[in-house]
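Note sheet for the following structure.
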Amino acid sequence: QVQLVESGGGLVQAGGSLRLSCAASRITFSINGFGWYRQAPGKQRELVASITRSGIRNYADSVKGRFTISRDNAKNTVYLQMNSLKPEDTAVYYCSTSSGNWGQGTQVTVSS
């Protein structure tokens, strides 16, 4: 069974940075695309960023220029570098695969 384990969340002040990691196991990592999603209280889960197996990246308009998704096939890990964080970025962040697997999520809280 595929396992995705997110880490790196926490509490940060507005304007700060965090780097989320998603460690994948029991998966042929290199052939999968990955996405980072987030869900704030009372809101629907939304796609934040995605990266294909060939490294093509896409971002939600709300995070363009601030967030960067990357992958390390040697470490079976996907990252989300988040800079210039805003209070509206507060949410649980989830990692997913293009095959529909999900991690348990990591909380990101940005204080004003």
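Both backbone and side-chain heavy atoms feed into the values below; hydrogens, waters and symmetry mates do not.
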Original post:
Between CG of N58 and CD1 of I51, what distance do you get to the nearest 0.5 Å?
Top reply: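 Result: 10.0 Å between the selected atoms.
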Subject >> Interatomic spacing from OH in Y93 to CE in M82 - rounded to 0.5 Å >> reply: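 Nearest 0.5 Å value for the OH-CE distance: 5.5 Å.
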Subject >> Nonpolar side-chain network containing Y79, other nodes, edges under 4.5 Å >> reply: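 Hydrophobic cluster check, Y79: no partners found.
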Work out which heavy atom in [X] is nearest to a heavy atom in [Y]; give both atom names and the distance.
X	Y	value
L18	G8	CD2-O, 3.8 Å
A40	T90	CB-O, 3.6 Å
W36	L20	CH2-CB, 3.6 Å

Under the rule for salt bridge (charged side-chain N to carboxylate O under 4.0 Å, His left out), what residues qualify as partners of [X], not counting sequence neighbours?
X	answer
E88	none
R66	D89
K43	none

**OP:** Answer yes if the ring centres of W102 and Y37 are under 6.0 angstrom apart, and no otherwise.
**Re:**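 Yes: the rings meet the under 6.0 Å criterion.
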Subject >> Where at least one partner belongs to residues 25-62, residue pairs that pass disulfide (SG to SG under 2.5 Å), sequence neighbours excluded >> reply: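 For residues 25-62, and leaving out neighbouring residues, there are no disulfide (SG to SG under 2.5 Å) pairs at all.
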Original post:
Taking only residues at least two apart or on different chains, which pairs with a member in residues 21-112 satisfy disulfide (SG to SG under 2.5 Å)?
Top reply: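 Applying disulfide (SG to SG under 2.5 Å) to every pair that reaches into residues 21-112, excluding sequence neighbours, yields C22-C95.
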Original post:
Quick one: do F34 and Y94 end up in the same hydrophobic cluster if we chain Ile, Leu, Val, Met, Phe, Trp and Tyr together by side-chain heavy atoms under 4.5 Å apart?
Top reply: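 Result: no, two separate clusters.
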Original post:
Do you reckon V92 sits in the same ILVMFWY cluster as L47, going by side-chain contacts under 4.5 Å, direct or chained?
Top reply: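 Per the 4.5 Å side-chain linkage, V92 and L47 are co-clustered.
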Original post:
Applying side-chain hydrogen bond (donor to acceptor under 3.5 Å, both in side chains), which residue pairs with at least one partner in residues 46-55 are found, sequence neighbours left out?
Top reply: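 Listed once each, the pairs are R38-E46, T52-S54.
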Original post:
For T68, what residues pass the side chain to side chain contact (heavy atoms under 4.5 Å, CB included) criterion, not counting sequence neighbours?
Top reply: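 T68 satisfies side chain to side chain contact (heavy atoms under 4.5 Å, CB included) with Y59, Q81 once adjacent residues are dropped.
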Subject >> side chain to side chain contact (heavy atoms under 4.5 Å, CB included) partners of S99, counting only residues at least two apart >> reply: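 Partners of S99 by the side chain to side chain contact (heavy atoms under 4.5 Å, CB included) criterion, ordered by chain and then number, come out as N32, T97, N101.
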Original post:
Which salt bridge (charged side-chain N to carboxylate O under 4.0 Å, His left out) pairs, counting each pair once, include a residue from residues 5-25, with sequence neighbours left out?
Top reply: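 Pairs touching residues 5-25 that pass the test: none.
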Original post:
Tell me, which pairs form a salt bridge (charged side-chain N to carboxylate O under 4.0 Å, His left out) where one or both residues lie in residues 69-87, sequence neighbours left out?
Top reply: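 Those involving residues 69-87 do not exist here.
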For residues 105-112, which side-chain N or O atoms pair as donor and acceptor with protein atoms under 3.5 Å away, sequence neighbours left out?
{"unit_1": "T106", "atom_1": "OG1", "unit_2": "G9", "atom_2": "N", "d": "3.2"}
{"unit_1": "Q107", "atom_1": "NE2", "unit_2": "A91", "atom_2": "O", "d": "3.4"}
{"unit_1": "Q107", "atom_1": "NE2", "unit_2": "T109", "atom_2": "OG1", "d": "3.3"}

Subject >> Audit row: S17, N83, side-chain hydrogen bond (donor to acceptor under 3.5 Å, both in side chains) steps and yes/no >> reply: CA-CA 4 Å; S17 298; N83 299 328; 2.9 Å; yes
